[in-house]
Amino acid sequence: MKDKIICITGASSGIGWATAKAFANQGARLILCGRRKEKLDELEEQLRVETVQLIFDVRERKAVFKAFESLASPWKKIDVLVNNAGNAHGLDPVQTANIDDWDAMIDGNVKGLMYVTKAVLPHMVESKKGQIINLGSIAGKEVYPNGSVYCSSKFAVDAFTSGLRIDLNPLRIRVGAIHPGLVETEFSEVRFKGDEQRAAKVYEGIDALTAEDVADAILYMASVPEKVNIADMVILPTRQANAYINNRES
Ligand code: NDP
Ligand code: 8X3
């Protein structure tokens, strides 16, 4: 992993933050993406490797392409893209859900991930080398109550990952996705618009995954020999059976 260039979207929090640390521990160079520059500054201070920051909202198509075009030539040679930026907004039935929440999820989790992929691909295509790891979710494998649009966004990530793997197969560019269950990060605070108590309840008694658990798995996906492509990985807390069955009792 030493000196490889790893680009991580959503590096300012949670899984992205932990992934940046995991790759930095292996001596990789990092492109850290997010909207909150102050958080990326804080992360950078804890890393002992070369880094570059790209501040943009993945929903802003022009901003995404401008950000990647602004990279100095050596930094354009990205070895691994971790397409992690994303969030859930709200947990409501379709009939009462807020359409602004839908836009945020579809524009960010789906279109944003696609824009970043397209912006990063030119060098990978030219060099016939590279790896793309998308953050899906157990919510992209099974639908749960009140999660129809978040789940739709993650089903889309799953489908896009499969299609991208087909398209890039002639170039031997590795494409895969990781689908975690409950991971205790800022995710539920964002979903519930800052309601910390409601967010904490999601993880009560479940011994949820940590961001570091998922980062370890992402690092593993990127560390196997080049002839190996881990195409799909579902990772759950032991107490979680699927998207909606959780053992909080025994
Ligand atoms: P966090 O809320 O802790 O982190 C989300 C990250 O995404 C932040 O760094 C945030 O950065 C970035 N982000 C969100 N929206 C945008 C946007 N529009 N433009 C740019 N960056 C954005 O959540 P997690 O770490 O848990 O989530 C990371 C990924 O993992 C997401 O794709 C999520 O769907 C997925 N996931 C999470 C699970 C969980 O239980 N936590 C389980 C399964 C999948 P900033 O605000 O600085 O822009
Ligand atoms: C995040 C996991 O189950 O909260 O994708 O949707 S869940």
Side-chain angles (χ1 to χ4, degrees), residues 1 6-26 28 30-36 38-40 42-44 46-47 49 51 53-59 78 80-89 104-105 108-110 112-113 116-117 120 131-141 147 150-151 153-158 160-161 175-192 199-200 202-203 206-223 230 232-238 240 243:
M1 209 47 64
I6 317 297
C7 176
I8 303 164
T9 66
S12 53
S13 173
I15 295 168
W17 177 291
T19 301
K21 286 192 150 186
F23 279 97
N25 286 340
Q26 301 300 314
L30 303 176
I31 301 172
L32 305 171
C33 309
R35 288 168 300 181
R36 287 172 293 172
E38 69 283 4
K39 297 296 287 183
L40 294 181
E42 193 185 322
L43 173 61
E44 250 179 353
Q46 298 176 27
L47 303 176
V49 293
T51 57
Q53 289 184 16
L54 294 179
I55 312 295
F56 61 88
D57 186 324
V58 296
R59 294 172 295 182
I78 292 167
V80 182
L81 167 63
V82 183
N83 254 327
N84 164 75
N87 274 119
H89 299 276
M105 291 187 278
N109 302 356
V110 184
L113 180 143
V116 172
T117 304
V120 166
Q131 182 171 16
I132 298 172
I133 300 173
N134 293 331
L135 258 293
S137 169
I138 189 64
K141 299 288 187 183
Y150 178 67
C151 293
S153 77
K154 291 300 182 176
F155 270 73
V157 170
D158 202 21
F160 182 66
T161 303
V175 180
I178 179 162
H179 304 275
L182 293 167
V183 191
E184 193 160 0
T185 61
E186 290 179 11
F187 178 85
S188 290
E189 275 179 58
V190 174
R191 167 169 255 174
F192 299 129
V202 174
Y203 308 108
I206 193 71
D207 206 1
L209 297 173
T210 62
E212 288 72 22
D213 293 326
V214 181
D216 282 351
I218 293 171
L219 180 63
Y220 176 70
M221 289 172 84
S223 303
I230 299 177
D232 205 46
M233 188 192 283
V234 176
I235 173 170
L236 302 172
T238 302
Q240 181 172 17

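A heavy-atom distance below 4.5 Å is not found between the side chains of Val190 and Ser13. Annotation: side chain of Arg191 is not in contact with side chain of His89 (no heavy-atom distance under 4.5 Å). Here the side chains of Glu186 and Asn87 are not in contact, with every heavy-atom distance at 4.5 Å or above.
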| Worked check of side chain to side chain contact (heavy atoms under 4.5 Å, CB included) between Ile235 and Ile178 | CA-CA 7 Å; Ile235 173 170; Ile178 179 162; 3.9 Å; yes
| field | Val82 vs Leu135, side chain to side chain contact (heavy atoms under 4.5 Å, CB included): CA-CA, chis, key distance, verdict | value | CA-CA 8 Å; Val82 183; Leu135 258 293; 4.1 Å; yes
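If you run side chain to side chain contact (heavy atoms under 4.5 Å, CB included) between Asn83 and each of Asn109, Ile8, Leu113, only Leu113 comes through. Tested against Ile133 for a side chain to side chain contact (heavy atoms under 4.5 Å, CB included), the candidates Ile230, Val80, Val175 yield a single pass: Val80. Of the residues Leu81, Leu54, Leu30, the one that meets the side chain to side chain contact (heavy atoms under 4.5 Å, CB included) test with Cys7 is Leu81.
The shortest heavy-atom contact between Ala222 and Gln131 is CA-OE1, 3.4 Å. Across all non-hydrogen atoms, the minimal contact from Gly136 to Val157 is CA-CG1, 4.0 Å. Contact record, Tyr150 with Ala139: CE2-CB, 3.6 Å, taken as the closest heavy-atom pair. Residues Ser12 and Arg36 share a closest heavy-atom pair of OG-NH2, 3.8 Å.
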Can I get a per-line list of side-chain donor-acceptor pairs under 3.5 Å for residues 207-219, giving both atom names and the distance, sequence neighbours left out?
unit_1: Thr210; atom_1: OG1; unit_2: Glu212; atom_2: N; d: 3.4
unit_1: Thr210; atom_1: OG1; unit_2: Asp213; atom_2: N; d: 3.1
unit_1: Thr210; atom_1: OG1; unit_2: Asp213; atom_2: OD2; d: 3.2
unit_1: Asp213; atom_1: OD2; unit_2: Thr210; atom_2: N; d: 2.8

Side-chain donor-acceptor contacts of residues 18-25 below 3.5 Å, not counting sequence neighbours, with atom names and distances?
unit_1: Thr19; atom_1: OG1; unit_2: Ile15; atom_2: O; d: 2.6
unit_1: Lys21; atom_1: NZ; unit_2: Gln46; atom_2: OE1; d: 2.6
unit_1: Asn25; atom_1: ND2; unit_2: Lys21; atom_2: O; d: 3.4

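Partners of Asp232 under the salt bridge (Lys or Arg N to Asp or Glu O under 4.0 Å) rule, at least two apart in sequence or in another chain, are Lys141.
Separation of atoms CG (Asn134) and NE2 (His179) is listed at 8.5 Å; rounding is to 0.5 Å. In this structure, Glu42 CD and Leu47 CG are separated by 11.0 Å, a value rounded to the nearest 0.5 Å.
At least one donor-acceptor pair closer than 3.5 Å links the side chain of Gln240 to the backbone N or O of Leu182. Of the possible polar contacts, none joining the Ser137 side chain to the Lys154 backbone as a donor-acceptor pair under 3.5 Å is found.
No side-chain donor from either of Thr9 and Asn84 sits under 3.5 Å from a side-chain acceptor of the other.
Geometric assessment of Arg35 against the ring of Phe56 yields a negative cation-pi assignment under the 6.0 Å and 45° thresholds.
Between Phe187 and Tyr203, the ring centre distance reaches or exceeds 6.0 Å.
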